[in-house]
Amino acid sequence: MTNAAERHYFYRLFFIFIIWVHFITNPVSCEERWDGVVVTQSNFLALQAFKQELIDPKGFLKTWNDSGFGACSGAWLGIKCAQGQVIVIQLPWKGLKGQITDRIGQLQGLRKLSLHNNHITGSIPSSLGLLVNLRGLQLFNNRLTGSIPSSLGSCPLLQSLDFSNNLLTGTIPESFGNSTKLYWLNLSFNSLSGSIPTSLTSLNSLTFMSLQHNNLSGSIPSLKNGLISLQNLVLDHNFLTGTIPGSLGDLRELREISLSNNHFSGHIPQSIGKISNLKQLDLSLNNLSGEIPVSFDNLLILSFFNVSHNNLSGPVPTLLAQKFNSSSFVGNVQLCGYSPSTQCSSPAPSEGEGAPSEVSKHRHHKKLGTKDIILIVAGVLLVVLITVCCILLFCLFRKRKTSNDEEGHVTARSGAASARAGKGVPPIGGEVEAGGDAGGKLVHFDGPLAFTADDLLCATAEIMGKSTYGTVYKATLEDGSQAAVKRLREKITKNQREFESEVSVLGRIRHENLLAMRAYYLGPKGEKLLVFDYMPKGSLASFLHAHGPETRIDWATRMNIAQGMARGMLYLHSHENIIHGNLTSSNVLLDENTNAKIADFGLSRLMTTAANSNVIATAGALGYRAPELSKLKKANTKTDVYSLGVILLELLTRKPPGEAMNGVDLPQWVASIVKEEWTNEVFDVDLMRDSSTNGDELLNTLKLALHCVDPSPSARPEVQMILQQLEEIRPQMISSGISSDEGAIPTSE
Ligand SMILES: *[C@@H]1O[C@H](CO)[C@@H](O)[C@H](O)[C@H]1NC(C)=O
Ligand SMILES: *[C@@H]1O[C@H](CO)[C@@H](O)[C@H](O)[C@H]1NC(C)=O
Ligand SMILES: *[C@@H]1O[C@H](CO)[C@@H](O)[C@H](O)[C@H]1NC(C)=O
Ligand SMILES: *[C@@H]1O[C@H](CO)[C@@H](O)[C@H](O)[C@H]1NC(C)=O
Ligand SMILES: *[C@@H]1O[C@H](CO)[C@@H](O)[C@H](O)[C@H]1NC(C)=O
Ligand SMILES: *[C@@H]1O[C@H](CO)[C@@H](O)[C@H](O)[C@H]1NC(C)=O
């Protein structure tokens, strides 16, 4: 036992060493080692001037001390160079005061200036407009004054600009319309005035625009032929007037529209109901009149809606009224139908007898008699009774046919989700081509992460693991958000065209038990990076084996993981028609609520055939490979089921299948013990503590797992059957599964 442990430890160390060597030779970030070129004289002088005009109470710039030799070697804090040119200045959260020197315009190679969260005063130097390589400008959370230099419009590569939360005045320069690569614009929380420049509406790369909390006036320019990539339009807390343009409805990528606290008037355009991706719509505190368009009932994923404090009238569309409470509608004197006290009455208010009516598209000008009222009330009562009966029947039916129903349920919903994700990313409009180093290409899929290619390449990266396909890093972006980045081995990936067509399919797969891919990046030299959600709890393998037995993992948690895995695999097999081929406990990740998220699925589609047989071999070495794969070269649903069975055994025994027990693998070991008698020895001692309550569940799960690892593929069940049985073994998981599920709908992507 100790021998095995030692061996294990040795392998671990060896593995870490390999990773370290890989990191030294293959860095993912742009923090390349010094290329040996000393900083140029003009850059050195500019840096000196830069330091001189700043006040550095905490002494961070003390490292900028020698005659410039160290400036590019990594010795100067916050400086990165290439060929003697400063390309990045990154000094956020350093307590810096003073001003930004005008001589910054001398740093001809500068791509990124990041000085956010300091106390810098003075104005933004107009010489920044001389920097033809500038891509990112992060000056938010400072005390900058003066106006935004219009010269910035002549930085042809500008991608991301954040001046938010300063004291800037003046107008937004019309010249921004020239920044055709601009992807991110945050000018919120300043004192900018004037109107929104018409030229901004031609920016077809822009995905995020926030101008909230300023003093902007005038109206929103027409949005025809522009802003096709825009996802967030945030203009609240200004003095904007005029009507909301109907052309807003053409911006189909929009997720968020916030126009509250302005002076918009006129009707709400019904075209907004066409933006099927819309999640947040805030029109509160304006002077809008007319009705809420019925088309808004088509906004199926809307999770925030507010039209309170306007001058709206008429009935609230039915679905909106059901989904949102009265705080979304109050302050519109003539609006009705959103709460019991605001029922829409037929227009005879003087009579004082408001009878409830159906959504009143048609308005009868007819007084209601007592008879009518009685009839209506009776009708309503009947409808209510029928509804209640239906619900009761439905519940009964559901309880009986638990598992089948549940599967249909999951599949249908995920289907909708993936259709949505698909819609969110049209092949051209959704792509954000970031003009990276030399034509690198970054493509985002639906999701909360927003970053440019440079942000990604400059993220601090930490190696998490390595597989046949490549290395996984934990990347921390500058805004603090985290992502898992997989750098694929270039030599074993398919050519770019095939790669892109396959990856765009994988990037749209969304299921709560499958790890979502958020973006991919193709570097100019053939580098391929995949960006996924980062899972802070790590893999199931480390969850089970990295801690000693003193950390308890209860049966409910393990069963929840098992059922989650089965749901994810079922979705892959039956909905996406994808074979995983490399399912191991290291490829099952856990979210913050310890729900299973299967990773690495479908990656084989991105790889050459040779690479894939290699992976099959590795999985075999780790004990997850179905025996028939030694002859067969291709994985199939039954080999996936075998791997799933091994993980179920792993959950029950808490033993890593990679380590042989008495010379046999985990399935054989378990089978040999079970054969003698139904012994409890196979189970993790932890599970035995409350075996009185769980005993049957453990045994039945064990039987199921052994069924999955049957040497004969045809004897193994399909995933659908596995899920059904798991849900029968521990049915209460179903209901908790549903409720946690439903809670997740508004926030799910
Ligand atoms: C410059 O600063 C670094 C770090 O504070 C220090 O290690 C180094 O000795 C200094 N060099 C000179 C020439 O003062
Ligand atoms: C834009 O800037 C404001 C103020 O700094 C900030 O609160 C907001 O989160 C920023 N928007 C995004 C999406 O980063
Ligand atoms: C609100 O809009 C109406 C026209 O719809 C206009 O007559 C009125 O002056 C506006 N009120 C304010 C406070 O802007
Ligand atoms: C509200 O809208 C009506 C027209 O629907 C208009 O006559 C009235 O002036 C508006 N009230 C305010 C306070 O703007
Ligand atoms: C209405 O909904 C919002 C958000 O959904 C919630 O914060 C608020 O408490 C609710 N208000 C009432 C009166 O139910
Ligand atoms: C809607 O906006 C009003 C005014 O800003 C606010 O008081 C209310 O809480 C908001 N309701 C919701 C659901 O956000």
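Indexing begins at 1, ligand by ligand and atom by atom, following the structure's order. Keep in mind that this is a model prediction, so the values were computed, not measured. Numbers here simply count residues along the sequence, with the first being 1. Note: hydrogens, waters and symmetry copies are ignored here, and every other heavy atom, side chains too, is used.
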- Heavy atoms of other groups near Gln270 CD, more than 12 under 6.0 Å: no
- Message: Using a strict threshold of under 4.0 Å (side-chain N to carboxylate O), is an ion pair present between Lys537 and Asp591?
- Response: no
- Looking at Asn298, Leu299, Leu251, which one forms a side-chain contact (heavy atoms from CB on, under 4.5 Å) with Leu278? Leu299
Sub-3.5 Å pairs, protein N or O with ligand 5 N or O:
unit_1   : atom_1 : unit_2 : atom_2 : d
ligand 5 : 2 (O)  : Asn325 : ND2    : 2.4
ligand 5 : 11 (N) : Asn325 : ND2    : 2.9
ligand 5 : 14 (O) : Asn325 : ND2    : 3.0

- Fit a plane to each ring of Phe296 and Phe305, take the angle between them on a 0 to 90° scale, and name the class: parallel (under 30°), tilted (30 to 60°) or perpendicular (over 60°). perpendicular
- Message: Once ring pair (Phe, Tyr, Trp, His ring centres under 6.0 Å) is applied, what residue pairs with a partner in residues 228-263 remain, sequence neighbours excluded?
- Response: His213-His237
- Under a 4.0 Å N-O cut-off, is there an ion pair linking Glu576 with Arg510? no
- Should you measure from each heavy atom of Leu285, which atoms of ligand 6 turn up under 4.0 Å away? 4 (C), 5 (O)
- Geometric N/O contact Ser289 with ligand 3, under 3.5 angstrom: no
- Query: Do the two ring centres, one from Phe163 and one from His116, sit under 6.0 Å apart?
  - Reply: no
- Query: In ligand 6, which numbered atoms sit nearer than 4.0 Å to a non-hydrogen atom of Ser308?
  - Reply: 1 (C), 2 (O), 3 (C), 4 (C)
